[in-house]
Amino acid sequence: MKQKLAILFSVTAMSFTAMAEEQQPIAIAIHGGAGTISKAKLTPEHEQEYRAKLEEAVKAGYQLLQNGASSLDAVVASVQILEDSPLFNAGRGAVYTYDGEHELDASIMYGKDRTAGAVAGVKTVKSPIALARAVMEKSQHVMLSGKGAEEFADTLELDKVENSYFDSDARRQQLERARETLKQDKTAFSRPDMLDYKFGTVGAVALDKAGNLSAATSTGGMTAKRYGRIGDSPVIGAGTFADNNSCAVSATGHGEYFIRFNVASDICARTEYLQVPAKVAAESVIHNVLKPVGGTGGVIVVDRHGEVSMPFNTQGMYRASVDASGKVHVAIFQEETE
């Protein structure tokens, strides 16, 4: 009798475990940058290109989550698709520095134990987000930069490329326009009409079947940036943050403001300590903290329950998500509801 009861309890426990695993939600959200994005600036063909690439990237990450992969695998897969596309300011679509080169930044964070990795100012690594993950998993450090990050990459089996691999005609034209404007006005980057030169980042956040959150961000930085400028994208807590107790966040916008106001970790802290939904925390930070001081941009957020939110205070933000119900959403403009 005791043996039968033990078997019964064992089977029941296994059933509850299986049910719990089946009920654990999964979700993913991605972004491809925020800024002065309007229908007038995009041809129907170009708009469709953006939407198709966003959908491809978010579905690739979601497929991995469905198959039981970790949220880390999912966010890296989605970000790498965007890095490989010249449409976005990351990887192949990276903007130029003032001197006509490309300096790439990226970061990643795992919510289970808050491990993180980041790289800044790298020039020859094909996938900066892959290098950021390697820093997290294969080194004792969190952030590596410039020549040192390149040397670390040389010890790994990561694809290396010439800096010219990231070249594109569209970004070169942006650089020339920015240079000309800066020659006429050294403070031009503070002007509203220069907003497009400040933005451009890709990122992903995800929740996997094990209940673990991850966030990843990758960027080419600011057009015509000088003196080794680094924005928020590789800064843990500013452009990227993940904690299983609250949420995962990836940011895009005017990086200096996101650093000063510690945007990504602030959203997660408000969620955990104020016990408010991550969506409420994110909207409050983007609209009530950043906007009044001139901080422009947005974030994508997935919380520990699989709820997705993507607030921004600019005209548009390239974004896509698959929520806990499996609904796919792709959007660009402000008027498109989630």
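- Checking E283 against S309 by side-chain atom types alone, no donor-acceptor pair falls below 3.5 Å.
- In this model, no donor atom of one side chain and acceptor atom of the other lie less than 3.5 Å apart for T314 and T296.
- Looking at R229 and D105, no side-chain N of the basic residue comes within less than 4.0 Å of a carboxylate O on the acidic one, giving no salt bridge.
- Between the side chains of S127 and Q80, at least one donor-acceptor pair of N or O atoms lies under 3.5 Å.
- Q174 and R177 share no side-chain donor-acceptor pair at under 3.5 Å.
- Ionic pairing of K138 and E157 is not present here: no N-O contact between side-chain nitrogen and carboxylate oxygen is shorter than 4.0 angstrom.
- With salt bridges taken as basic N to acidic carboxylate O contacts below 4.0 Å, one links E47 and R51.
- Side-chain atoms of T201 and H31 form no donor-acceptor pair, as typed in the model, at a separation below 3.5 Å.
- Residues V125 and I108 do not share a hydrophobic cluster, clusters being chains of Ile/Leu/Val/Met/Phe/Trp/Tyr side chains in contact below 4.5 Å.
- The side-chain tip of R226 points at the ring of Y98 from less than 6.0 angstrom away and within 45° of straight on.
- Side-chain polar atoms of T217 and T240 form a donor-acceptor pair below 3.5 angstrom.
- Ring orientation note: the planes of F261 and Y257 are close to parallel, at an angle under 30° on the 30°/60° scale.
- A side-chain N or O of S325 and one of D323 form a donor-acceptor pair less than 3.5 Å apart.
- With hydrogens and angles left out, the side-chain atoms of H254 and D232 include no donor and acceptor closer than 3.5 Å.
- V76 and I30 fall within the same hydrophobic cluster, defined by Ile, Leu, Val, Met, Phe, Trp and Tyr side-chain heavy atoms under 4.5 Å apart, directly or through other members.
- Side-chain contact, S246 with T271: no donor N or O sits under 3.5 Å from an acceptor N or O.
- A29 pairs by the side chain to side chain contact (heavy atoms under 4.5 Å, CB included) definition with V205, I300, V302, V308, M310, S321, not counting sequence neighbours.
- Both Y50 and I37 sit in one connected hydrophobic cluster of ILVMFWY residues. Membership requires side-chain heavy atoms under 4.5 Å apart, directly or through other members.
- Between E176 and R172 a salt bridge is recorded (basic side-chain N to carboxylate O distance below 4.0 Å).
- The nearest pair of heavy atoms linking V161 to F166 is CG2-CZ, 3.7 Å.
- For the residue pair S265/N262, the side-chain donor-acceptor check at 3.5 Å is satisfied.
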